[in-house]
Amino acid sequence: MKEIKLVFTGSMGAGKTTAISALSEIPVINTDVSATDEVIARKATTTVALDYGEMTLSDGQKLRLYGTPGQQRFAYMWKILMQGALGLIILVDNAGENPLGDLELYLNHFHEDIEKTTAVIGVTRMDLSKKPNLAAYNDFLRKRNLHLPVFSVDVRRKQNVIMMVQALVAMLEY
Amino acid sequence: MPYILATYALEKSDRLFMKSMIEMANKRFGLQWSLDDLHGQVTVVDIDTEEGRSFWKINSARKTLIAYAQTNTYLAPFFLEKPLKVQLVTDLLKKLTCKISPTSTLSISYPSTVSLSSQASSLIVDYKPENYLAGLLKNILSEGKPYILQLTGTPPLYVVPDDQMCYTIDIDLSDNTPTQQMWMKSTANLFSKSPLDNTKLDLIRHDFVGIDINAFIWVSTLQSSNGNLLTGHSLTNTAQLKEWPNFSILPYDSTQIQLAAFMSKNIASIPRISANTRQPIPHIINFYNACVMLDLINIEKITQEISETTKNISTEKKSLLQSILQRLLK
C-alpha cells in the first residue's frame, strides 16, 4: 500500500519536531538511522536523525509525518523522504542568521517536488525577530514566480500547525 | 409516504424545537414529516457553524439541503431563518413535500431557478468601509497617531498605529461575541474617536491585550460587507491574491482557506471563483473585500482577461484529502 505522508523541513531549531508533535497521536520518534547508502558505507558509517509522527485517518490509514534532518550534509535524505509525499511544509527560523537564505536553500533543493506537489512556508520565532517581515518573504517568492502560502507561526500552538496543513491540502485541490 | 428530515451541526436545543414544530405542522396540515439525526430525503444544515459550512460545500450539489442560519448568505433555495418559527418551518415543509411528491395537493410556490449570478447581482450594492470600524481603523493607520475608539456599551479600543495594535480587554476575535459583533457591524458614526495621550501608552500596553489591527480590519470587513462589493469594484473584474491572508493572526474558516488557495493560483472574476470553489458569491465578496482592505489583492493585475489553471485530481485523492481535513478538525 502506498505510504501517505507529509514532510516537514527546515533548518535546525526551526521547529520541525514541535510541529510534528502538535499533530502526532504518538510521541514523536527521533530516529537514528544508519546510513546504508553504498557511497557512505565506503567512506564511513554515519547516522542520520529524522523525526516521525503519525495520525490515523477515518478509514484506518496512517498519515505519516516526517521531519527531515536539519543538517545540510544529510540533504540526500531529504529527497528520499519526499518521494511520494503529499506535500512539504518548510519551517524557517526568523531568528536565524539568514532566514531568506535558508528559505532559498530549501526552495532550491525541493523545487522539483514543489512543482509536482506543493509547499507551505511557516516562519517561526517572529516574536523574537521581526525582520524579515512577511512582506519580504512574499516579495522573495514573487521574484521566483512561486504562489505559495507564507504564515508567521508558533508551532507550539496546535491550531497554527493545523492551519498550515489545511492550507497545504487546499493548495493540492486547486 | 412519510418524509424524513435529517439535521447536521444543529445545536441540541434547535433540534428539540424543530421536532416540536414538525409535530405541530403534521397535526395541523396533515403532513408526514419526522426528524432523524442522520438520514433523510432532506437535511437541515446549520451554516453558521464551520462544520455546517464544510458539510454544505461537500454536499450541496448532490443532496437537498436546507440552510439554517441568521442570514441566507448562500442564497439557498431552501432557507430557514434563525430563530425558528412555526410558520416558517410549516411553509418550508409544505414546499419540500411538493418537491418530493409533485402530485401532492398542497399548494406552494416553488423557488424560481434564477441563476446565482443574477440573484447575486440584483442584491449587491456598494460597500463603503469608511462607514464601519474597518474604515475608521484604516484612517487611523494612515494618520499614524494613536486614538481611543468608543462604542456605547462596549469596552474602549486603544488604537496604536506604531504598534500595529488595538489594545482592549482579553478577547479572541474568533469567538464572535455580541460585543465583538457590535464593534464589527456598527456604523462608524456611532463610535466616538478621541486622541490617545502618548504618556498613557505604556500603561495601556501593560493593562490591556494587544491584537493586530489587521485582525480587526479583517473581521470588521467580513462582517459588515454583507455580500456587498467594495465601491469601485465590479463582479466582472478579475483579480488574484498576491499573498495569503496570515491566518495565524486572522480568524478564518475552512472555506476561506479554499478561497485563498484558488485565488492565489488563478486570476478570475468573482462569479468564476464561485463556480470553481462552489462557494456562494456573497461569501466570496466578503472575503474579497477583506483581502482588498488588507492590500492582499494585486490591483495592478486586475484585467478583463481570465486566466485559469484547473487541476483535475482523482476521486481517490480528493477523498484522501477530505479525510485528512476531517481528522485535523477532530
Side-chain angles (χ1 to χ4, degrees), chain A residues 2 4-6 22-23 25 54-65 86-87 117-118 120-124 126-127 130 133-142 145-155 157-174, chain B residues 50 54 57-58 163-164 172 174 212 214 240-268 273 276-278 294-296 298 301 308-314 316-330:
Chain A
K2 193 181 167 192
I4 306 166
K5 60 181 171 181
L6 292 179
L23 298 179
E25 58 199 34
E54 62 183 37
M55 296 165 66
T56 308
L57 305 179
S58 57
D59 58 1
Q61 290 189 93
K62 297 282 185 196
L63 172 64
R64 302 181 194 278
L65 310 166
L86 281 175
T117 59
T118 190
V120 169
I121 296 151
V123 182
T124 63
M126 285 196 92
D127 52 331
K130 296 210 184 303
N133 57 19
L134 283 188
Y137 282 95
N138 279 297
D139 278 340
F140 182 84
L141 291 173
R142 258 193 296 277
N145 203 25
L146 286 170
H147 302 286
L148 299 175
V150 185
F151 306 109
S152 63
V153 292
D154 181 347
V155 290
R157 294 180 61 200
K158 183 175 179 175
Q159 191 53 45
N160 276 193
V161 186
I162 287 176
M163 180 269 295
M164 284 196 290
V165 179
Q166 284 179 300
L168 189 141
V169 168
M171 291 290 281
L172 289 170
E173 284 192 76
Y174 293 112
Chain B
E50 184 168 338
S54 295
K57 187 174 170 274
I58 295 167
D163 298 354
Q164 280 281 312
D172 182 342
S174 309
D212 199 301
N214 285 331
Q240 183 177 28
L241 268 189
K242 59 180 180 179
E243 52 189 84
W244 274 60
N246 188 10
F247 290 131
S248 59
I249 59 156
L250 303 175
Y252 71 96
D253 64 34
S254 56
T255 60
Q256 289 162 356
I257 289 193
Q258 299 275 325
L259 287 175
F262 181 84
M263 290 171 69
S264 66
K265 288 176 149 190
N266 296 280
I267 303 171
I273 296 167
N276 276 274
T277 61
R278 300 162 73 96
L294 295 191
D295 196 26
L296 301 175
N298 197 335
K301 279 196 175 181
E308 279 186 32
T309 57
T310 51
K311 200 180 246 183
N312 288 318
I313 62 171
S314 66
E316 193 190 342
K317 187 162 188 186
K318 206 159 193 166
S319 173
L320 170 63
L321 296 177
Q322 285 301 317
S323 183
I324 292 171
L325 287 177
Q326 279 167 12
R327 176 63 183 83
L328 286 173
L329 297 174
K330 213 167 146 186

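As the structure is a prediction and not an experimental result, all values here were calculated from the model.
Only the side chain of Leu63(A) comes within contact range of chain B, judged by heavy atoms closer than 4.5 Å. Only the side chain of Leu86(A) comes within contact range of chain B, judged by heavy atoms closer than 4.5 Å. For chain A, no part of Leu241(B) is nearby; none of its heavy atoms comes within less than 4.5 Å. For Ile4(A), the part sitting under 4.5 Å from any heavy atom of chain B is the side chain, from C-beta outward, and nothing else. Using a 4.5 Å cut-off between heavy atoms, Thr277(B) contacts chain A through both its backbone and its side chain. In this structure, chain A has heavy atoms under 4.5 Å from both the backbone and the side chain of Ile257(B).
Residues Val153(A) and Val161(A) are not in side-chain contact: their nearest non-hydrogen atoms beyond the backbone lie 4.5 Å or more apart. When side chains are defined from C-beta on, Leu141(A) counts as touching Ile121(A), because their heavy atoms get closer than 4.5 Å. The side-chain heavy atoms of Leu325(B) and Gln322(B), taken from C-beta on, include a pair separated by under 4.5 Å.
Put simply, CE on Met171(A) and CG on Leu148(A) are 5.5 Å apart, with the number rounded to the nearest 0.5 Å. Atom CD of residue Gln159(A) and atom CG of residue Leu328(B) lie 9.5 Å apart, to the nearest 0.5 angstrom. Here the CE atom belonging to Met263(B) is positioned 11.0 Å from the CH2 atom belonging to Trp244(B), to the nearest 0.5 angstrom.
Contact record, Asp295(B) with Lys242(B): O-CE, 2.9 Å, taken as the closest heavy-atom pair. Residue Glu25(A) comes nearest to Met55(A) through the heavy atom pair OE1-CA, 3.5 Å, listed as atom of the first residue, atom of the second, then distance.
Counting non-hydrogen atoms of neighbouring residues, nucleotides and ligands closer than 6.0 angstrom, the CZ atom of Arg142(A) exceeds 12 such neighbours.
Near-neighbour residues of residues 248-255 of chain B relative to chain A, defined by a heavy atom under 4.5 Å from a heavy atom of that chain, comprise Ser248(B), Tyr252(B), Ser254(B).
Across Ser152(A), Gly122(A), Ser58(A), the residue that shares the most heavy-atom pairs under 4.5 angstrom with chain B is Ser152(A).
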